[in-house]
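Chain identifiers are assigned alphabetically (A, B, ...) following the order of the sequence lines, protein sequences preceding nucleic acid strands; residue numbering begins at 1 within each chain.
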Amino acid sequence: MKIASWNVNSLNVRLPHLEQWLTTFAPDVVGIQETKMEDHKFPDAVLAGLGYRSVFAGQKTYNGVALLSREPAQDVQIGIPGFEDEQKRAIAGTVNGVRIINLYVVNGQDVGTDKYEYKLRWLEAVHAWVADELKKYPELIVMGDFNIAPEGRDTHDPLVWNENHILTSTAERGALHKLQQLGLHDAFRLHNDEDGVFSWWDYRAAGFRRNLGLRIDLTLVSDALKARAVAAGIDREPRTWDRPSDHAPAWVQLG
DNA sequence: ATGGTGGCCATGCCA
């Protein structure tokens with residue numbers, strides 16, 4: 001079972017890319033972020049034609065998440081339970097017995113801003129939620145656009161992307177670490193040791209051409225799933241296509 | 001030190 005996470009940065013613009021990628025990469029489950037699309041506009045019929053069921057929670061202009069799966073998702077949860085949030089950033093479901101949480105983590109703008117504080121509050125709420133979910137579903141995947149690069153080797157320049165910089169700051173990495181302390185493993189790092197492998201490249205300054213990127217899109221697998229995570233990676237190909245998203249899909253394969 | 005590209009939507013905001 002191949003499970004992937006992809007920030008498409010507008011599903012309206014990227015639907016052809018998604019269709020192409022579903023056809024060639026053939027994932028079994030996909031978590032989508034930044035659909036930027038209200039629910040009544042979601043192309044569930046098009047995706048059904050490709051063999052995928054969809055559940056989704058969207059809004060105009062910003063945010064928006066969806067979960068696509070070949071088998072229908074059960075026990076679908078939209079938003080973080082008990083956490084009031086107008087922004088559509090979280091959706092979860094159970095597919096083939098595996099609980100899957102798909103997140104579009106708050107970007108945070110800059111360290112010390114209101115958005116940064118919201119990001120840290122939001123991650124606290126995610127921690128409580130995941131802790132609760134793990135009790136019910138030991139076989140759990142938490143994936144999405146985390147907007148956090150776990151380590152220096154997940155950035156093109158650790159001197160720039162340092163402990164005071166957004167996406168790499170001490171508090172952000174601390175929140176990710178605390179989440180992983182629940183028993184979640186970065187699937188990519190179970191199988192890849194190299195640095196310079198990224199999932200996001202800024203549109204500005206020819207970031208992709210120069211490979212100036214960050215690895216901020218993660219698939220985390222629970223203790224109970226760790227042995228089944230037989231491969232993981234990032235598929236750079238859709239980032240090479242015309243008018244691409246600024247993110248590439250991150251994936252994990254369960255054996 | 002600043003802005004750079006892109007999406008949404010018509011202007012700045014967000015990333």
*5' priority, DNA chain B, between V13(A) and D202(A) [closest heavy atom]*: D202(A)
*Spell out, as yes or no, whether a donor-acceptor pair under 3.5 Å connects the side chain of D28(A) to the backbone of K2(A).*
yes
_Check this one for me: any side-chain N or O of R243(A) less than 4.0 Å away from OP1 or OP2 of dG7(B)?_
yes
*Any idea which of dC8(B), dC14(B), dG7(B) is nearest the K115(A) side chain?*
dC14(B)
*Just how far, in rounded Å, is P of dA15(B) from NE2 of H247(A)?*
11 Å
*In Watson-Crick or G-U wobble terms, both distances under 3.5 Å, what is the partner of dG12(B)?*
dC8(B)
*Where the side chain of H17(A) meets the backbone of D242(A), is there a donor-acceptor pair that is under 3.5 Å apart?*
yes
*Whole angstrom is fine here: how far is it from CG in L11(A) over to P in dG6(B)?*
19 Å
*Counting distance only, does the side-chain N/O of N102(A) pair as donor-acceptor with the main-chain N or O of A66(A) below 3.5 Å?*
yes
*Please tell me which of the listed nucleotides, dG4(B), dG6(B), dC8(B), lies nearest to the side chain of A205(A)?*
dG4(B)
*Please determine if a side-chain N or O atom of T61(A) lies less than 4.0 Å away from the OP1 or OP2 oxygen of dC13(B).*
no
*Provide the distance between the two P atoms, one in dG12(B) and one in dA1(B), to the nearest whole Å.*
28 Å
*Nearest-Å distance for atom pair CZ/P, residues R14(A) and dG7(B)*: 5 Å
_If I take atom CG in residue N107(A) and atom C1' in nucleotide dC13(B), what distance separates them, rounded to the nearest angstrom?_
12 Å
*Mark yes when over 12 heavy atoms from residues, nucleotides or ligands other than R53(A) sit less than 6.0 Å from its CZ; otherwise mark no.*
no
_Separation of the P atoms in dT2(B) and dG6(B), to the nearest angstrom_ = 23 Å
*R204(A) side chain N/O closer than 4.0 Å to the phosphate oxygens (OP1, OP2) of dA15(B)?*
no
*In whole angstrom, give the distance that lies between atom CG of N9(A) and atom P of dG6(B).*
11 Å
*Separation of dT2(B) P from D110(A) CG (nearest whole Å)*: 12 Å
*Whole angstrom is fine here: how far is it from CG in N63(A) over to C1' in dC8(B)?*
13 Å
*Please give, in whole Å, the distance from dG6(B) C1' to W200(A) CH2?*
12 Å
_Which nucleotide in dA15(B), dG4(B), dC8(B) has an atom nearest any side-chain atom of Y104(A)_ = dA15(B)
_Check: P244(A) main-chain N/O paired with Y203(A) side-chain donor or acceptor under 3.5 Å_ = yes
